[in-house]
Amino acid sequence: MPVEKLTRAFYDRDTLEVARDLLGCHLIHRVAGEELVVRITETEAYIGAVDKACHAYGGRRTARTETLYARPGTAYVYLIYGMYHCLNFVTEGEGTAAAVLLRGVEAVEGADRMARNRFGRDLSQLTAYQRKNFLNGPGKVCKAMAITRAHNGLDLTGETLFLCGGGLPAGEIHAGKRIGIDYAEEAVDFPWRFSI
DNA sequence: TTCAGGATGTACT
DNA sequence: GTACATCCTGAAC
């Protein structure tokens, strides 16, 4: 890797800043002797204190949301719609519920393994449609990267699942409204979705 | 290229 | 029982 692993201090900051700064960073998952590496292209921020779209809105504590209160630099993984996983990076201080959802990436290393994880076929055997929509959604990223609820609570400063920075010119970052949270009233309009 | 509908299980009411 | 930070397929355009 040309750049250094992100430390806990990186995650221990304002969630919107972390969400922006994660763009362009590499996510590495070491699994079964292989290294799967992707470059982050899209994120969304979720901040429990003020955000009705956040699982831990208003200080809500349940078995599921407990991880959102963990120390910064922790992985929060949950199951959605009964069959897909979503990976988040916990931010801000311990006891504060906030995280960044990983929404889209592009493959850097291990693309064939990711294609097999997702479609059971090599990259070269995918249809044009599958190739175009390879890693552009949170459920797709987790399937390709072999990330499940078993990774919930994992320390992102360890050796299994971690990130390397990073840094993009501000002009390359786009901010817009989040998607898939139509129920969240005024929070629907928060410009907390970031992409390259 | 867009669209509707279904799959599927856990958390929470 | 209901909703859910989603994705895939197949049909219509």
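Worth knowing before you read on, the calculation uses all heavy atoms, side chains too, and leaves out hydrogens, waters and symmetry mates. Within every chain, numbering begins at 1; the chains are lettered A, B, ... in the order of the sequence lines, protein sequences first and strands thereafter.
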Practice prompt. With heavy atoms under 4.0 Å as the rule, sort A:Arg103 into base, sugar-phosphate or nothing.
Written response: sugar-phosphate
Discussion item. By nearest atom, which of the nucleotides C:dC4, B:dT10, B:dA7 is closest to the A:Leu79 side chain?
Written reply: B:dT10
Worksheet item: How is A:Asn88 classified with respect to the nucleic acid when contacts are heavy atoms under 4.0 Å: base, sugar-phosphate, or nothing?
Response: base
Fill in: A:Glu44 bridged to A:Arg178 by N-O distance under 4.0 Å
no
Discussion item. If I take atom OH in residue A:Tyr84 and atom P in nucleotide C:dT6, what distance separates them, rounded to the nearest angstrom?
Written reply: 11 Å
Discussion item. Whole angstroms only, please: what is the CD-C1' distance between A:Glu185 and C:dA5?
Written reply: 16 Å
Item to complete: Describe the nucleic acid contact of A:Ile181 in one word from base, sugar-phosphate, nothing, applying a heavy-atom distance below 4.0 Å.
Response: sugar-phosphate
Worksheet item: From A:Phe194 CZ over to A:Asp21 CG, what is the distance, rounded to the nearest 0.5 angstrom?
Response: 10.0 Å
Practice prompt. Send over the distance from A:Glu42 CD to C:dT6 C1', rounded to a whole Å.
Written response: 13 Å
Worksheet item: How many Å lie between CE on A:Met83 and C1' on C:dT9, as a whole number?
Response: 13 Å
Worksheet entry | Distance, rounded to the nearest Å, where A:Arg121 contributes CZ and C:dC8 contributes P | 12 Å
Discussion item. If I take atom CD1 in residue A:Ile80 and atom C1' in nucleotide B:dT10, what distance separates them, rounded to the nearest angstrom?
Written reply: 9 Å
Write out a two-atom table: protein N or O, nucleotide N or O from nucleotides 11-13 of chain B, distance below 3.5 Å.
| residue | atom | partner | partner atom | Å |
| --- | --- | --- | --- | --- |
| B:dC12 | OP1 | A:Thr62 | OG1 | 2.3 |
| B:dC12 | OP2 | A:Thr62 | OG1 | 3.2 |
| B:dC12 | O3' | A:Arg60 | NH2 | 2.6 |
| B:dT13 | OP1 | A:Arg60 | NH1 | 3.2 |
| B:dT13 | OP1 | A:Arg60 | NH2 | 2.8 |

Worksheet item: With a 4.0 Å cut-off on heavy atoms, is A:Lys132 in touch with a base, just the backbone sugar-phosphate, or nothing at all?
Response: sugar-phosphate
Discussion item. Regarding A:Lys140, tell me which of base, sugar-phosphate or nothing describes its non-hydrogen contacts under 4.0 Å with the strands shown.
Written reply: sugar-phosphate
Under 3.5 Å between N/O atoms: give me all the protein pairs with nucleotides 2-4 of chain B, atom names plus distance.
none

Worksheet item: When rounded to the nearest 0.5 angstrom, what distance separates CD1 in A:Ile40 from OG in A:Ser195?
Response: 13.0 Å
Discussion item. Quick test of your reading of the model: are A:Arg193 and A:Glu42 salt-bridged, counting only N-O distances below 4.0 Å?
Written reply: yes
Fill in: Nearest atoms (heavy-atom pairs only) where A:Thr15 meets A:Ala99
CG2-O, 3.5 Å
Quick one: side chains of residues 153-163 of chain A, donor-acceptor pairs under 3.5 Å with protein atoms, not counting sequence neighbours, listed by atom name and distance.
| residue | atom | partner | partner atom | Å |
| --- | --- | --- | --- | --- |
| A:Asp155 | OD1 | A:Arg8 | NH2 | 3.2 |
| A:Asp155 | OD1 | A:Thr157 | N | 2.9 |
| A:Asp155 | OD1 | A:Thr157 | OG1 | 2.8 |
| A:Asp155 | OD2 | A:Arg8 | NH2 | 3.4 |
| A:Asp155 | OD2 | A:Thr157 | OG1 | 3.0 |
| A:Thr157 | OG1 | A:Arg8 | NH2 | 3.2 |
| A:Glu159 | OE1 | A:Arg30 | NH1 | 3.0 |
| A:Glu159 | OE2 | A:Lys5 | NZ | 2.9 |

Fill in: Check: A:His174 side chain, A:Ile196 main-chain N or O, donor-acceptor pair, under 3.5 Å
no
Item to complete: Measure from CG on A:Leu102 to C1' on C:dT6 and round the result to the nearest Å.
Response: 14 Å
Discussion item. With a 4.0 Å cutoff (strictly under), does any side-chain N or O of A:Tyr183 reach OP1 or OP2 of C:dA5?
Written reply: yes
Worksheet item: Any chance the side chains of A:Thr41 and A:Glu106 put a donor and an acceptor closer than 3.5 Å?
Response: no
Worksheet, complete the sentence: Read 5' to 3' with Watson-Crick or G-U pairs under 3.5 Å, [ ] for crossing pairs and | for partners on another strand, DNA chain C gives ||||.|||||||.
Item to complete: Evaluate whether the aromatic ring of A:Tyr46 and the six-membered ring of the C:dA5 base sit under 5.5 Å apart, centre to centre, with an inclination under 30°.
Response: yes
Worksheet item: Measuring from A:Glu34:CD to A:Leu36:CG, what's the distance to the nearest 0.5 Å?
Response: 6.0 Å
Which donor-acceptor pairs under 3.5 Å do the side chains of residues 73-84 of chain A make with protein atoms, sequence neighbours left out?
| residue | atom | partner | partner atom | Å |
| --- | --- | --- | --- | --- |
| A:Thr74 | OG1 | A:Arg71 | O | 2.7 |
| A:Tyr76 | OH | A:His55 | ND1 | 2.8 |

Practice prompt. For the pair A:Tyr183 and A:Val188, evaluate side chain to side chain contact (heavy atoms under 4.5 Å, CB included) and give the outcome as yes or no after the intermediate values.
Written response: CA-CA 8 Å; A:Tyr183 61 90; A:Val188 166; over 6 Å; no
Worksheet item: Who pairs with A:Ala144 by side chain to side chain contact (heavy atoms under 4.5 Å, CB included), at least two apart in sequence or on another chain?
Response: A:Met114, A:Arg118, A:Leu135
Practice prompt. Give a yes/no on whether any side-chain N or O of A:Lys177 is located under 4.0 angstrom from OP1 or OP2 of C:dA5.
Written response: no
Worksheet item: Atom NE2 of A:His85 and atom P of B:dT8: how far apart are they, to the nearest Å?
Response: 14 Å
